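As structure tokens, the structure follows; a few thoughts come after it.
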2 protein chains.
Amino acid sequence: MKTNSCDCGTCRHKLCAQRVPIFSGLNEEELSHVADLIQRRQYLKGEIIQLEGSDADCLTIINQGKVKAFRYTQEGKEQILYLFSEGDFFGESNLFGGKEAAYHAEALEQTSICMIARNDFQELVRRYPEISLKIIGALCTRLERLETTIQNMGTRSVEGRISSVLLEFAEKYGVKGSKGILITLPFSREGMASYIGIARETISRKLTLLQDAGIIEMVGNKRILLLNEEALRRELD
Amino acid sequence: MKTNSCDCGTCRHKLCAQRVPIFSGLNEEELSHVADLIQRRQYLKGEIIQLEGSDADCLTIINQGKVKAFRYTQEGKEQILYLFSEGDFFGESNLFGGKEAAYHAEALEQTSICMIARNDFQELVRRYPEISLKIIGALCTRLERLETTIQNMGTRSVEGRISSVLLEFAEKYGVKGSKGILITLPFSREGMASYIGIARETISRKLTLLQDAGIIEMVGNKRILLLNEEALRRELD
DNA sequence: TAAAAACTGTGACCGGGATCATAATTTCAT
DNA sequence: ATGAAATTATGATCCCGGTCACAGTTTTTA
């Protein structure tokens, strides 16, 4: 088991600050300053990190693990908005909009996060303006993703949406093997359905079809072997 | 007819810079500096301001008018992503992500815009860090809107989506009268359908139902009188 | 102001995906 | 390893909204 956490109490989470894109570009001394302000926390799978509507006033950066951000529709269905991984952050709207948390956040596996309080962060931004440029860049990327998601949902081609999610996971979590790309899914079927915005049964059926077509191969419930990436790409509408 | 444009050539668009939230917080002299960098342009209804995929490298701020941002799905259907009004801006991803334009932008009526070139803007941000905080705030707001849109689209309750759009327009463009709120719609039915992500015929039918229920009253094609706001709010899922 | 063009409303029909029910499978705990 | 619990697959049915067709209206243009 590799130890990529730092509990020595001396380095003051410099590791965490270093690996976060937001702070790339800062030098050693500046990073040290940032690290002073960081508070770290650990969560187990299934634990809630943030409650929608709460007024947590800190920026949360994911150091290790995966986090899903979601809301409940009035019918009680869960709608997943984001899947955050190492280096991603959330809670920015708490800081800048001054509003309450826009969604629930739940650890999908053992997860360690870094938190920076609102006031500390605002000061950081003033002292190191490049940070805000990085944040703007990250927000733009996120906007683009949502824009594409909306475009896809509007199109209503369920096959296309499933293909696009599989490709996304392949890129983020896939491992190339001799037969194809082995994807360890971050979600159960239920989760994937909620991420895509369709019913669980539907995704089961479509995945079966993809398997019958020889494009994928399901390995247990949590892994999918992508045999024919090109074919999947052609499904994208 | 009120004259809220400035063509004197002397004030150098200070008006424009002033009314834009991004630059609120700057003083007279700073605004003047900003105004120096601004280039102004006019568009008629239907004219294209930005082409998806083009590498326009400037931030565009809407001074007056309305602009729709949209993409085409592979089936050729138009999907409207944003409706921008006075004070809104777009093109930020061109500046920060360094990528190409993420969508088409078209004037919905006579529209005047202010443009700032990439380099000029980057310099502005460095000189006045508050600007980037304002931008981050605006991006967060936009993200929240998209998040809600996605949540709505996932829910697939068409009634709810229509109600939410009507309420949005009522707030932005509504005028209170004795009988209710008179909304001048920024879109045709086609446009509303594309904004919501449903078929034109469906929105016609649903609006007729709402009218039969006494909740709204259609006034010609371009206006809707909102008689019972509460009832509409209850439709929101 | 009249004709043309664009937009909107409505009926008929159809299909994809939601829902419900149940069986099969996988995962987990002991 | 084995039974229990959770997850997934699959069949049957239903219904909402898309699509097509066409009529009615509004808006534009000359």
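Residue numbers begin at 1 in each chain, while the letters A, B, ... track the order of the sequences. Quick caveat: nothing in here was measured; it's all calculated off a predicted structure.
- For B:Thr111 (side chain) and B:Glu109 (main-chain N/O), a donor-acceptor pair under 3.5 Å exists by modelled atom type.
- At least one side-chain heavy atom of B:Leu166 sits under 4.5 Å from a side-chain heavy atom of B:Leu232.
- At the phosphate of D:dT10, neither OP1 nor OP2 sits under 4.0 Å from any side-chain N or O atom of A:Ser204.
- Comparing atom distances between the B:Val158 side chain and each of C:dT10, D:dG17, D:dA9 picks out D:dG17 as nearest.
- Put simply, CD1 on A:Ile224 is 11 Å from P on D:dT8, counting in whole angstrom units.
- The CD atom of B:Glu190 sits 19 Å away from the P atom of C:dA5 (whole-angstrom rounding).
- Between A:Ile198 and A:Val219, the residue anchored closer to the 5' end of DNA chain C is A:Ile198, taking for each the nucleotide with the nearest heavy atom.
- Between the NZ atom of A:Lys222 and the C1' atom of C:dT26 there is a distance of 11 Å, given to the nearest Å.
- Rounded to an integer number of Å, the gap from B:Ile203 CD1 to D:dG17 C1' is 13 Å.
- Here A:Leu207 lies out of heavy-atom contact (under 4.0 Å) with every strand.
- Nucleic acid contact for B:Met218: sugar-phosphate only, since backbone atoms but no base atoms lie under 4.0 Å from a heavy atom of the residue.
- With 3.5 Å as the limit, one finds no donor-acceptor pair spanning the side chains of B:Gln79 and B:Arg71.
- For the pair A:Arg223 CZ and C:dT26 C1', the computed distance is 12 Å after rounding to whole Å.
- Annotation: of the two residues near DNA chain D, B:Lys45 and B:Thr202, the 5′-most nearest-nucleotide partner is B:Thr202.
- One atom, CG of A:Leu209, and another, P of D:dG11, lie 11 Å apart when rounded to the nearest Å.
- For the pair B:Tyr173 and B:Lys66, the tightest heavy-atom approach, listed with the atom from each and the gap, is CE2-CE, 3.0 Å.
- Counting non-hydrogen atoms under 4.0 angstrom, B:Lys77 reaches nothing in the nucleic acid.
- The distance between atom NZ of B:Lys206 and atom C1' of D:dC15, rounded to the nearest whole Å, is 11 Å.
- Aromatic pair A:Phe89/A:Phe84: centroids not less than 6.0 angstrom apart.
- Counting to the nearest Å, the C1' atom of D:dT26 and the CZ atom of B:Arg189 are 11 Å from each other.
- There is a side-chain donor-acceptor pair under 3.5 Å between A:Tyr82 and B:Glu147.
- Note on ring orientation: taking the six-membered ring where Trp is involved, the planes of A:Phe169 and A:Tyr195 are parallel (angle under 30°, cut-offs 30° and 60°).
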Between protein and nucleotides 20-22 of chain C, what N or O pairs are separated by less than 3.5 Å?
{"residue": "C:dC20", "atom": "N4", "partner": "A:Glu201", "partner atom": "OE2", "Å": "3.3"}

